Undergrad: 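The structure under discussion is supplied below as structure tokens; questions concerning it will follow.
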Amino acid sequence: MTPVLEIDDLRITYRGSRGEVPAVRGISMSLEPGDTLGLAGESGCGKSTVAGAILRLLPRETQVTGRIVLDGDDVLTMSFGKLRAVRWAGASIVFQGAMHSLNPVHRIARQIAEPIVLHEGLSSDAAEKRAVELMAQVGLPAWRASSYPHQLSGGQRQRVMIAMALACSPQLIIADEATTALDVMIQAQVLALIKRLVAERNIALVMISHDLSVLADTCDRLAVMYAGKLVEDGPSHEVFAAARHPYAQALSAAFPTVGDPAERRNPHGLAGDPPDPSNLPTGCSFHPRCPVVRDDCASTSVELRRARDDWRAACLRVEEVA
Amino acid sequence: MGNLSTTPPSVSPSGGAGGGDDAGYSAGTTPPGGVHRSAARRELWRFLAGRVSGAVVSMLLVLLSAFFIFRVIGGDPVRAVGGDSPMTPEQRAEIEERLGLNEPLRVQFWEYVKDVFTLDWGQSYVSSAQVTDLMWDRLPNTLLLTGTALILAAGLGVWIGARAGWRQGSTFEKTQVGISLTLWSAPTFWLGMIVIIVFSVRLDLFPVNGMRSARGGDQDFLPDLLDVAHHLVLPACTMAAVIYAQYVLIMRSSILEERGNDYLTVAKAKGLRDDVVRRRHAVPNALLPTVTLIALQFGAIFNGALLTETIFSWPGLGLLFYQAIKIPDIPLLQVLFIFFAGTTILANMLADIIYRFLDPRVRRSA
């Protein structure tokens, strides 16, 4: 099967007033139709940068190298015309914070219909009719079509975003912190909705979040990023339960087990701050915070190593830690 | 308009799929909240009443100050009316008697209040025509000049400002901001004189002043129109140049405020062209604050008309005001002052109301 998305040695460097800041430092991954991948990591680890790069939405001065092959074509080298055709039709994004992701002065049916008009050449009437159908699929009543974004609740707005992402039947949907701003009940609703819709349509999903439990629940595979690199990539429930990389372990341990008072009184956090991307530690960039650090960690740069057939981790002690 | 704002988001064919194919719309189309609707309408009336009563209070203050301002500024109307020839005290007293200037200020004020309520604005000291007639005669000329300048400045300013804000940090932005600031800093009378020297005197492209050539009104319609248009170019451009900067700078900064918003990234991710993202998504949002600020600048526009008309001898209200203040022709000054101030108050009130109808957030919430 041809992969929907293939990322090969992706490196992204922001150029700012403080010089060059490497945000993503060599990431490779591949998704086939129907694959669901969760991408986890703390703020600033580069996960949203990866999402932006897939549709080439990063600021113009950003330096991006490597390959991002979307449905057979390299996004990074294609012409602007082709790029515009691929955007939304090939892959769409459900952005975080639905509050500001919808244009406040346009009615929501119009916003959902906009990419349909653009990519499929439908009249705006026909496209808005399709938009109403899409709204029904995400559980929004038809009379909401003529509402403005501010008239909807946070959960409804997020569902509008999902309907919008489905509008052109893309092969890939990227959900960037799609449920972060929602309360727990609504979050569960929206997650179930995304899970069902991508399964029904055999759409590949990349879900980005800092919340490992959300990802483990929604996705088959789980990848953990740290300081611009993948440090772990494996089956989601197993990674969540027994990660190989010490950072991924710390991330999953940060969620207390419900009903375990001993753990509740003694939550596992991780000391220290995420590293400054413009001034990364040598060797394994996690070593200053690592609870099981070894002498050679500061000098040896670590790439992903096979821990099992379907499981990779970037740690020198990958065998023993497991 | 009021009806539009209170209609709940139901099946409106105009807003959606159009007649006939609204099968999708009619399934479960009744939005909840009839109670909410009447509350919203009450809220709207309260809002309108607040704006209108605010405007009425301002207008009363204007009427009050119109009386005093022109009696404080000094000058000798009797001298102006009587001409340059020497006057006997008797002649002087007679003119004062005729103008009502011999009465104590208290009585004059009382007369003024009565005249205001009967809408009798009096006669000009100079021409003894009704001041309102003088004003209505000149008004179309001012409207022609300010209207042209306003459309020119607002249209061009909003367009250039949006492009400048969209490409922050570009040479285009820096150049346009520089030009705008220069024009803004230039005094109108100075700019007007430079324009006259360059384009009329040196290059002889446009007439120096006035609104029509000496041939006057005995021309046919089309030649007359062209003649007026020819005279209009310099004053309209001068006036537009001075107010243009405000539109550029306001529009630029409101585009800048919109730029960081995620909905623009979404629009870009949808595959829209960059200029479509700007026009369809960024500009409508950026226009909301701009509209209000534009209307708030209305007073400045009349101010500009006064200076521009004086320099170019454009026979409008500004020139009339200038001529009246030299005398001072108090009844004429009063009525012009009230007219200028009233227009500004009205424009501000309308700006508030228009803003409410333009922005769906303000329209439906609160």
Side-chain angles (χ1 to χ4, degrees), chain A residues 52 55-57 80-81 83-111 113-115 118-119 123-133 135-136 141-151 161 164-165 167-168 174, chain B residues 7-33 36 40 167-170 258-274 276-277 280-288 358-366:
Chain A
L55 288 183
R56 237 164 91 185
L57 296 172
F80 270 107
L83 176 68
R84 283 199 301 270
V86 165
R87 281 175 177 171
W88 221 259
S92 59
I93 304 186
V94 180
F95 283 93
Q96 61 177 320
M99 185 68 200
H100 301 291
S101 300
L102 292 168
N103 191 329
V105 302
H106 293 319
R107 294 168 191 275
I108 58 170
R110 185 177 164 198
Q111 300 196 45
E114 190 175 30
L118 182 72
H119 293 287
S123 72
S124 54
D125 280 0
E128 289 198 11
K129 220 177 144 195
R130 273 265 294 280
V132 173
E133 289 164 22
M135 284 169 59
W143 63 267
R144 276 297 186 197
S146 53
S147 296
Y148 288 96
H150 73 276
Q151 296 170 309
M161 289 306 292
M164 201 189 282
C168 296
I174 302 156
Chain B
T7 307
S10 64
V11 198
S12 79
S14 58
D21 59 359
D22 54 5
Y25 281 74
S26 47
T29 43
T30 328
H36 181 257
R167 289 195 267 157
Q168 193 193 12
S170 65
E258 293 300 321
R259 264 176 53 118
N261 278 325
D262 285 343
Y263 69 82
L264 293 178
T265 316
V266 173
K268 190 176 162 192
K270 280 176 176 174
L272 296 170
R273 282 206 322 269
D274 189 57
V276 179
V277 176
R280 195 184 291 168
H281 290 274
V283 169
N285 279 287
L287 268 180
L288 295 174
L358 276 184
D359 190 339
R361 283 160 296 187
V362 185
R363 198 195 303 172
R364 294 247 171 78
S365 62

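All values below come from the heavy atoms of this structure, side chains included, with hydrogens, waters and symmetry mates left out. Here the structure is a predicted model, which is why all the values come from computation and not from measurement.
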Undergrad: Which region of A:Leu118, side chain (C-beta onward) or backbone (N, CA, C, O), has a non-hydrogen atom less than 4.5 Å from a non-hydrogen atom of chain B, or is it both or neither?
TA: side chain

Undergrad: Is it the side chain or the backbone of A:Met135 that comes within 4.5 Å of chain B heavy atoms, both, or neither?
TA: neither

Undergrad: Quick check: do B:Leu272 and A:Glu114 have side-chain heavy atoms less than 4.5 Å from each other?
TA: yes

Undergrad: Please report the closest heavy-atom contact between A:His119 and B:Gly271, naming both atoms and the distance.
TA: NE2-CA, 4.4 Å

Undergrad: Using modelled atom types and a 3.5 Å cut-off, is there a donor and acceptor pairing between side-chain atoms of A:His100 and backbone atoms of B:Gly260?
TA: no

Undergrad: How close do B:Val266 and A:Ser101 get, heavy atom to heavy atom, and via which atoms?
TA: CG2-O, 3.5 Å

Undergrad: Can you say whether B:Leu264 sits under 4.5 Å from chain A via the side chain, the backbone, both, or neither, judging by heavy atoms?
TA: neither

Undergrad: Show the nearest heavy-atom pair for residues B:Thr265 and A:Phe95, with the distance to one decimal.
TA: CG2-CZ, 3.8 Å

Undergrad: Where the side chain of A:His106 meets the backbone of B:Arg280, is there a donor-acceptor pair that is under 3.5 Å apart?
TA: yes

Undergrad: Can you find a pair of side-chain heavy atoms, one from A:Pro104 and one from B:Tyr263, that are under 4.5 Å apart?
TA: yes

Undergrad: With side chains defined as the heavy atoms from C-beta onward, is the minimum distance between B:Lys270 and A:Met164 less than 4.5 Å?
TA: yes

Undergrad: In Å, rounded to the nearest 0.5 Å, how long is the span from CD1 of A:Ile93 to CG of B:Asp262?
TA: 10.5 Å

Undergrad: Please flag which part of A:Gln111 lies under 4.5 Å from any non-hydrogen atom of chain B: side chain, backbone, both or neither.
TA: both

